[in-house]
Amino acid sequence: MRILDVSKLYPPFWGGIETVVYDISTVLKQEGYDVDVLCVSEKNQSSEEVIDSVKVYRCASIAHLASTYLSFEFIKVWRKIRNNYDVIHVHLPNPLALLAFFLFKPHKECKIIVHWHSDIVKQKYLKIPFIPLQNDLLARCNKIIATSQVYADASEDLTKYLYKVEVIPIGIDEDKMVASPDAVEQIKQRYAGKFVIFSLGRHVYYKGFEYLIEAARLMDENYIILLGGQGELTPELKAKIKEHNLEDVVKLLGRISAHELPAYFSAADVFCLPSVERSEAYGVVQLEAMACGTPVISTDIKGSGVAWVNKHGLTGLVVPVKNAHALASSFNYLREHPINRNQVHEYFTQHYTRSKMVNYFIKVVEGA
């Protein structure tokens, strides 16, 4: 069976969707499937390369507007190779892929699997011209993979196509979340005597980090917040920390390498995901925390799978969105009533490993 994964980008760009595409394609290759990837390059330069045995068609882009890459080369390569496959696995949102599919259909015997990672939330008006193209793909596809039933049920875009939906929770590679004991001890020593709250993500509108900083104002000197990542809102977050004299309570760590991340997760007493919008459809970063046995505090975003991933009272706590007082109270509660880390890790291995995700995907593809 020949499979083409169609993605916006691909590693070494390690976004949430890109990690899922990489994991599925590489494990399928290991299982004996013939898998290629079609994606866009962040630069105006095309290439064909093999990454971990998977052939990647990386197409030059000429512009990047409203989170969408423009690439004539992508359309050209899609037209050339689309009929070479038995299965085409399209990861959405991706307006460029919708346009390519609309212009040049694959052969009728080809199975089309749509992987619905999230709705287009922020650019809801800009997406209007693409709605007919999206409906064309959803009508033609054999199956739609959603990462949670909660998100699928709340999506207006999927209302007419729920009968095609199969839920496959995202899983991650547990082996990548093994921390060096020395690195963990170094972090613990650095913040000795503190209840360590770790948070991580791009500093963008839907992450809600401003509420985490606000929560720091409500806690005593026994707490420390370590916030990793960077983004367009980093200057605003820095200014907020300075304005409230929280430099000793909230530490901005910047970009943390994949090699260093497991140590921060493992050293933390709790991981916090304070997101506020459905753009946070799942919260893969919660899985990384759980793989290290770290309890999670996340938010109850209406129509999102975040609270579905983090089981309240079992793997952590779920609190209302945009509520600094609720965040501060949850930190206080877990400090006094810690959740067993082995319990958190066991739940992760039962539900959210990469192998479980890919095995379920194979069943969906072969049964489509």
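Only heavy atoms go into these numbers, but all of them, side chains included; no hydrogens, no water, no symmetry mates.
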Which distance, rounded to the nearest 0.5 Å, do you find between the [atom1] of [X] and the [atom2] of [Y]?
X	Y	atom1	atom2	value
Phe74	Ser46	CZ	OG	11.5 Å
Ile112	Leu138	CD1	CG	11.5 Å
Phe209	Ser275	CZ	OG	6.5 Å
Asn142	Glu166	CG	CD	11.5 Å
Phe198	Ile225	CZ	CD1	12.5 Å
Ser279	Ile301	OG	CD1	9.0 Å

Please state whether the rings of [X] and [Y] are parallel, tilted or perpendicular, taking 30° and 60° as the class boundaries.
X	Y	value
Phe348	Tyr352	tilted
Tyr22	Tyr10	tilted
His337	Tyr333	parallel

State, with a plain yes or no, whether a side-chain heavy atom of [X] is found less than 4.5 Å away from one of [Y].
X	Y	result
Val319	Leu327	yes
Val40	Lys8	no
Val90	Leu4	no
Val56	Cys39	yes
Lys242	Glu247	yes
Ile168	Val364	yes
Thr315	Val296	no
His115	Leu92	no

Hey, any chance [X] and [Y] share a hydrophobic cluster, counting ILVMFWY side chains that come within less than 4.5 Å of each other, even indirectly?
X	Y	result
Leu314	Trp308	yes
Leu158	Ile145	no
Leu227	Tyr205	no
Val35	Ile81	no
Val276	Val309	yes

Check your understanding: Who pairs with Asn332 by side-chain contact (heavy atoms from CB on, under 4.5 Å), at least two apart in sequence or on another chain?
Key -> Tyr223

Study note, to complete from the structure: Contacts of Lys240 meeting side-chain contact (heavy atoms from CB on, under 4.5 Å) (sequence neighbours excluded), chain-then-number -> Glu210, Ile213, Glu214, His244

Quick one: hydrophobic cluster around [X], which other residues, with the 4.5 Å side-chain cut-off, linked directly or via members?
X	value
Val50	none
Val184	none
Tyr163	none

Check your understanding: Considering the options Val20, Leu28, Asp23, Val27, which one meets the side chain to side chain contact (heavy atoms under 4.5 Å, CB included) requirement together with Phe361?
Key -> Leu28

Revision key, fill the gap. From the list Ile17, Ile113, Val6, side chain to side chain contact (heavy atoms under 4.5 Å, CB included) partner of His91 resolves to Ile17

Between [X] and [Y], does any side-chain donor sit less than 3.5 Å from a side-chain acceptor?
X	Y	result
Thr159	Glu156	no
Tyr69	Ser41	no
Ser25	Asp5	no
Asp52	Thr26	no

Using a strict threshold of under 4.0 Å (side-chain N to carboxylate O), is an ion pair present between [Y] and [X]?
X	Y	value
Arg2	Asp36	yes
Lys29	Asp34	yes
Asp136	Lys105	yes
Glu48	Arg58	no
Glu280	Lys207	yes

Point to revise | Proximity of Phe271 and Phe265 rings by center, below 6.0 Å | key: yes

Point to revise | Centroid-centroid under 6.0 Å between Tyr85 and His107 rings | key: no

Exercise for review: Return the set of residues passing side chain to side chain donor-acceptor pair (under 3.5 Å) with Arg341 (not counting sequence neighbours), or none when no residue passes.
Suggested key: Thr294

Review point. Taking the six-membered ring of Tyr151, is NZ or CZ of Arg278 closer than 6.0 Å to its centre and within 45° of its axis?
Key: yes

Check your understanding: More than 12 foreign heavy atoms under 6.0 Å from CZ of Phe72: is that the case here?
Key -> no

**Study point:** Ser298 and Gln286: CA distance, side-chain angles, deciding distance, side chain to side chain donor-acceptor pair (under 3.5 Å) verdict
**Key:** CA-CA 8 Å; Ser298 60; Gln286 297 182 109; 3.2 Å; yes

**Study point:** Check: Ala263 main-chain N/O paired with Ser266 side-chain donor or acceptor under 3.5 Å
**Key:** no

Review point. Is the backbone of Arg79 close enough, under 3.5 Å, to the side chain of Arg82 for a donor and an acceptor to pair up by distance?
Key: yes

